[in-house]
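Working notes, structure below.
Keep in mind the model is a prediction, meaning the values are calculated, not measured. Throughout, protein chains are lettered first and strands after them, A, B, ... in sequence-line order, and every chain is numbered starting at 1.
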Amino acid sequence: MSNSIVSRISGSVVVATDVEDAEMYHVVRIGDLGLLGEIIRLEGNKATIQVYEDTTGIRPGEKIVNTKRPLSIQLGPGLLTSIYDGIQRPLDVLREKSGDFIGRGVTIPALDQHKKWTFVPLKGKNDEVHEGEIIGEVQETPLINHKIMVPFGINGKITDIAEGKYTVNENVAEIKTATGKSNVGLSNWWMVRSPRPVAKKLPPVSPLLTGQRVLDTFFPVAKGGTAAIPGPFGSGKTVTQQQLAKWADSNVIVYIGCGERGNEMTEILTTFPELEDPKSKRPLMERTILVANTSNMPVAAREASIYTGITMGEYYRDMGYDVALMADSTSRWAEALREISGRLEEMPGEEGYPAYLGRRLAEFYERGGKAVVTSPEQRLGSLTLVGAVSPPGGDFSEPVSQNTLRVTRVFWGLDANLASRRHFPSINWLTSYSLYADDMDDWYKNNISPQWTALRKEALEILQREAELQEIVQLIGYDALPEPEKGILDTARSIREDYLQQSAYDEVDTYTSIKKQFLMLQTILEFGRLEAEAIKKGVQSTKIGTLPTRKELSMIKWTREEEVNAKVEEIKTNMSKQFKELIMEVAR
Amino acid sequence: MSKIAYKNLSKIAGPLIFVEGVRDAAYGEMVEVKLANGERRKGQVLDTREGLAVVQVFGQTYGLGTDNTSTKFVGETAMISVSDEMLGRTFDGLGNPRDNGPKIISKERFDLVGSGINPYSREEPSEFIQTGMSNIDGMNTLVRGQKLPIFSGAGLPHNLLASQIARQAKVLSSSESFSVVFGAIGITSEEANFFVKQFEESGALGRSVLFLNLSSDPSMERILTPRLALTTAEFLAYEREMHVLVILTDMTNYCEALREISAAREEVPGRRGYPGYMYTDLASIYERAGKIKGRKGSVTQIPILAMPADDITHPIPDLTGYITEGQIVMSRELHRLNIQPPVDVLTSLSRLMNQGIGSGRTREDHRNLADQLYAAYAQGKDARALAAIVGEEALSDIDRKFLAIANNFERKFVNQGIDENRSIEQTLGIGWELLSDLPESEMKRIKPEFIAKYRKKSLEVESEKEE
């Protein structure tokens with residue numbers, strides 16, 4: 001009989017005395033309700049516990065039970081299409097059990113324990129297998145084939161392998177190892193705080209295509225890369241993250257709503273099942289896992305939600321998939337750290353954040369990457385990490401933004417100014433950057449067009465020129481600008497309005513294939529070149545603004561993918577004709 | 001659940017008392033504090049361990065002494081009795097009657113804090129609320145179940161705006177009206193009287209519940225006041241199937257009370273002395289808006305907060321903006337120009353707008369038109385700034401047109417006075433009128449079919465008027 005009891009409660013932190021076999025990060029159950037918590041500090045016979053649930057009503061003297069294992073989650077078929085809270089409790093089942101408001105002390109298995117999955121073995125009896133090797137598969141959703149892998153640390157000869165229908169808790173194979181026998185089931189457990197090891201990390205070389213023009217063209221993130229989206233509230237972080245989750249061309253998406261709005265998660269839950277994957281035409285939900293720990297849910301579970309999400313992401317990466325993980329927002333996660341650290345009365349670092357904030361962020365982003373996973377087959381997989389950051393007051397000099405920028409290689413800087421004039425996505429083209437762009441030149445050259453890099457650089461230069469010219473306009477007025485400069489401003493405006501602005505809510509505009517992006521940008525820059533030429537020959541820039549093709553340029557974004565080739569050809573023909581006429585007029 | 005009275009206070013610090021000898025006070029348990037003169041005050045346990053409980057007292061700590069005060073732990077966390085009888089009543093910041101009426105006695109007792117709504121149980125808010133205000137309906141649409149705060153400043157007419165919304169709000173498809181729960185947090189009695197009078201005049205008082213904590217009332221009560229209001233609202237919405245509009249004013253006073261306690265507990269302060277957990281704490285208030293699948297009612301929240309020094313990056317508006325689904329921002333500049341309501345449309349935002357508008361809800365061209373108006377107004381304001389330096393003459397023709405749109409947008413679209421109640425059709429009509437001078441090639445945000453359909457129509461309407 002253990003006599004471990006609660007001795008102090010202060011918000012989400014509980015102190016317990018005489019916890020049996022206490023070790024750091026052991027999960028314990030607190031009080032008569034059995035709230036879940038995790039040991040985060042040990043001192044003498046006292047254990048400090050962060051509690052994943054609301055502690056209201058708990059009294060000193062209530063009992064504590066140590067589960068004697070660290071926070072772990074179950075990995076197996078059934079993860080996809082699920083929505084979990086920060087500690088992997090399925091929210092739909094939780095609703096059935098405890099009603100519309102989140103109940104306390106409820107334990108629910110993450111995976112459906114009764115559903116039978118059809119297991120197809122790929123190995124036979126007496127085959128020699130190693131850790132990470134695929135021994136069979138389960139069709140988890142029509143989009144994703146779930147690979148059953150030999151668990152880490154197990155190498156040996158298959159003595160038995162079965163075919164047929166099994167639940168996640170049943171064994172499908174038996175392996176004879178050097179030391180004994182091991183069973184392989186459809187699911188296994190993993191501690192969320194430790195990364196799943198890979199054999200070798202590789203440099204990312206191909207882009208994660210998102211269908212978002214400003215991202216794909218100007219600031220691409222690589223498959224296996226890391227990106228940060230910082231921005232003040234209302235600048236479109238969440239919409240951008242959701243657009244990525246919808247359209248990114250990875251196999252599996254893990255979306256973590258960390259300390260954000262409840263209604264936003266609901267929006268995802270209602271829209272994702274209706275949206276189709278552009279390639280397979282299947283509902284997007286079939287490749288998606290949602291983790292929702294909204295701002296009013298307990299703060300310690302918010303801290304855990306990031307790790308729960310990334311562990312599931314790593315698991316699918318290990319199967320050989322390209323996985324993209326969106327975390328919205330890492331600032332809320334950092335605040336959860338700060339809150340718990342404050343309750344522990346730790347010496348604060350910058351702005352009250354704990355001194356280990358930078359290390360924890362770096363550890364998180366280091367779990368991403370393109371890799372040869374642990375397996376004899378040399379399987380490749382990637383895990384792309386995109387983290388939103390919500391800097392207080394939109395000030396990027398605060399600790400979470402700065403520590404994130406140190407470890408991520410793509411920066412999508414959101415701009416409140418652009419947002420307030422409804423330029424969406426409001427990603428500032430002057431401050432944002434991608435360190436992958438140059439590494440991926442070859443990919444664009446081989447897959448899109450040899451001109452791609454030149455085109456991209458030209459457009460960015462025009463935008464840079466515009467910023468300089470705007471300063472001059474502020475001093476002397478637009479009318480005083482020489483005509484060629486006015487032409488540059490026109491082209492820049494066209495790039496901004498006809499290309500960079502993209503509506504997430506328009507059926508066609510919401511997704512642009514990389515091929516269409518190339519055609520669009522090419523046409524817009526072609527117009528700019530013709531304009532510059534015409535101005536040289538004496539045509540007024542105001543005249544050019546009234547050309548019918550000028551308006552047509554802005555229509556390409558609304559043109560459906562299958563019609564875009566014809567449309568662009570038509571515009572190009574009209575363009576050269578109309579410019580010729582203008583020049584002739586002046587010559588006369 | 002020992003209902004023993006404890007006499008040993010080891011320390012009184014600000015709003016906190018430290019009670020010794022307590023064995024098992026529950027975290028969050030309510031406490032009755034009895035003074036030497038027989039007066040009773042309420043408190044709540046903030047930190048508990050064997051032998052010591054830290055209790056936050058709702059009310060002043062004068063009259064409290066370390067050896068003449070007795071405390072009783074009541075054995076339950078903060079609860080409120082709720083019933084239909086609450087409609088039309090006025091309570092103080094702790095839920096006691098303020099209007100000489102009887103105490104609410106009911107079997108239905110609700111936990112003040114409660115647990116969060118399971119995101120899976122939420123229903124996506126999508127019903128358009130017509131507030132009759134062009135700046136909201138047209139540009140930053142409010143929907144049922146949304147939380148949309150008003151960011152204001154000292155001396156700006158945010159109360160007029162809030163009361164006008166409460167008066168005019170309706171859902172187009174149904175005739176049902178809102179019931180209103182009003183939570184006053186540390187506002188002056190004049191402000192409170194203003195709201196009471198507004199509710200009386202519009203006949204809304206009979207379907208309102210008022211919780212008033214005035215600036216002269218104890219600041220610690222302010223921690224409970226918004227939670228009383230929201231618990232009542234949830235009861236009316238989810239148990240009585242009503243559509244409830246909750247107005248909370250002023251959240252700045254709430255945050256200050258929070259800071260006071262944090263300081264008394266000697267916690268490590270976050271930005272500007274506010275506690276590090278203020279985001280989570282505010283979320284536990286704001287997130288109590290929404291709709292639940294399978295239940296008829298809804299809770300829509302309009303918190304009002306005065307931005308200290310009109311600074312939107314101050315922690316209170318900043319954290320609020322990260323939790324709420326948009327914000328309505330008042331502008332001092334427009335107020336000086338006599339524009340009523342003086343709402344700065346460009347910094348305002350409604351995140352749920354798209355769910356509430358479009359064909360079948362408002363009108364098919366709504367999204368496009370609003371985007372175009374935003375873009376045109378922003379460009380017009382740029383032109384205005386430029387004209388101030390280089391003179392209007394130096395502007396390009398098109399910039400002059402945008403400047404005119406910006407001026408008219410403020411004077412005709414945003415400005416509507418406190419009595420005008422515009423239908424959504426009227427609002428969109430005015431929007432199209434503003435754009436009538438703009439060449440079609442500049443209307444990049446609007447689909448050509450909408451331009452053809454609505455631009456002509458509104459021009460016709462205009463010419464008819466002239467005839």
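Ranked by heavy-atom pairs under 4.5 Å with chain A, the first of B/Ala376, B/Gly28, B/Pro119 is B/Pro119. When A/Glu497, A/Glu351, A/Met265, A/Met297 are compared by the number of non-hydrogen pairs under 4.5 Å with chain B, A/Glu497 comes out ahead. Each of A/Ser98, A/Gly57, A/Ser554 has some count of heavy-atom pairs under 4.5 Å with chain B, and the biggest count is that of A/Gly57. Chain A forms the most heavy-atom pairs under 4.5 Å with one residue out of B/Lys444, B/Lys381, B/Glu393, and that residue is B/Lys444. No other option in B/Val268, B/Thr313, B/Ile323, B/Asp371 has as many heavy-atom pairs under 4.5 Å with chain A as B/Ile323. Across A/Ala416, A/Gly103, A/Ser329, A/Gly11, the residue that shares the most heavy-atom pairs under 4.5 angstrom with chain B is A/Gly11.
A/Asp395 does not touch chain B: none of its heavy atoms, backbone or side chain, sits under 4.5 Å away. Interface remark: A/Ser390 contributes backbone and side-chain atoms alike to the contact with chain B (heavy atom separation under 4.5 Å). Proximity to chain B (any heavy atom under 4.5 Å) is shown, for A/Val13, by neither the backbone nor the side chain. Contacts between A/Ile9 and chain B at a heavy-atom distance below 4.5 Å involve backbone atoms as well as side-chain atoms. Neither the backbone nor the side chain of B/Asp344 has a heavy atom closer than 4.5 Å to any heavy atom of chain A. Contact of B/Glu123 with chain A is made through the backbone alone, with heavy-atom distances under 4.5 Å. Interface residue B/Arg265: only side-chain heavy atoms are found under 4.5 Å from chain A. Using a 4.5 Å cut-off between heavy atoms, A/Asp506 touches chain B through its side chain atoms alone. Within the 4.5 angstrom heavy-atom criterion, atoms from both the backbone and the side chain of A/Arg422 approach chain B. Interface residue B/Arg122: backbone and side-chain heavy atoms are both found under 4.5 Å from chain A. At a 4.5 Å heavy-atom cutoff, the contact between A/Thr56 and chain B is made by backbone and side-chain atoms alike. For A/Lys237, the part sitting under 4.5 Å from any heavy atom of chain B is the side chain, from C-beta outward, and nothing else. At a 4.5 Å heavy-atom cutoff, the contact between B/Gln327 and chain A is made by side-chain atoms alone. Residue B/Ser348 touches chain A through its backbone alone, counting heavy-atom pairs closer than 4.5 Å. For chain B, no part of A/Glu53 is nearby; none of its heavy atoms comes within less than 4.5 Å. Contact of A/Leu269 with chain B is made through the side chain alone, with heavy-atom distances under 4.5 Å. For B/Tyr238, the part lying under 4.5 angstrom from a heavy atom of chain A is the side chain only. Using a 4.5 Å cut-off between heavy atoms, B/Ile292 contacts chain A through its side chain alone, with no backbone atom that close. Using a 4.5 Å cut-off between heavy atoms, A/Tyr505 touches chain B through its side chain atoms alone. Contacts between A/Leu290 and chain B at a heavy-atom distance below 4.5 Å are absent for every atom of the residue. In this structure, chain B has a heavy atom under 4.5 Å from the side chain of A/Arg332, while its backbone stays farther away. Contacts of B/Pro275 with chain A are absent, with no heavy-atom separation under 4.5 Å from either backbone or side chain. Within the 4.5 angstrom heavy-atom criterion, no atom of B/Lys291 approaches chain A. For B/Thr77, the part lying near chain A is the side chain, with the backbone staying farther off; criterion is any non-hydrogen pair under 4.5 Å. In this structure, chain B has heavy atoms under 4.5 Å from both the backbone and the side chain of A/Thr55. Looking at B/Tyr279, only its side chain comes within 4.5 Å of chain A, counting heavy atoms on both sides. Proximity to chain A is limited to the side chain of B/Lys147, based on heavy atoms less than 4.5 angstrom apart. Proximity to chain A is limited to the side chain of B/Leu352, based on heavy atoms less than 4.5 angstrom apart.
Residues B/Gln44 and B/Glu29 bring no donor and acceptor atom of their side chains to less than 3.5 Å of each other. Checked by atom type, the side-chain pair A/Asn263/B/Glu124 shows no donor-acceptor distance below 3.5 Å.
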- [ ] Could you walk me through whether B/Asp397 and B/Lys401 pass salt bridge (charged side-chain N to carboxylate O under 4.0 Å, His left out), step by step?
- [x] CA-CA 7 Å; B/Asp397 286 348; B/Lys401 279 189 178 143; over 6 Å; no

Task: A/Asn296/B/Arg288 under side-chain hydrogen bond (donor to acceptor under 3.5 Å, both in side chains): CA gap, chis, key distance, verdict - done: CA-CA 9 Å; A/Asn296 56 341; B/Arg288 293 171 78 173; over 6 Å; no

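Salt-bridge check for A/Asp498 with A/Arg550: passed, with a basic side-chain N closer than 4.0 Å to an acidic carboxylate O. Using a cutoff of 4.0 Å between basic side-chain nitrogens and carboxylate oxygens, B/Arg23 and B/Glu50 are scored as salt-bridged.
Proximity of the aromatic rings of B/His314 and B/Phe151 is defined here by a centroid distance below 6.0 angstrom, and this criterion is not met.
In this structure, the side chain of A/Asp85 does not engage the main chain of A/Asn293 through any donor-acceptor pair within 3.5 Å.
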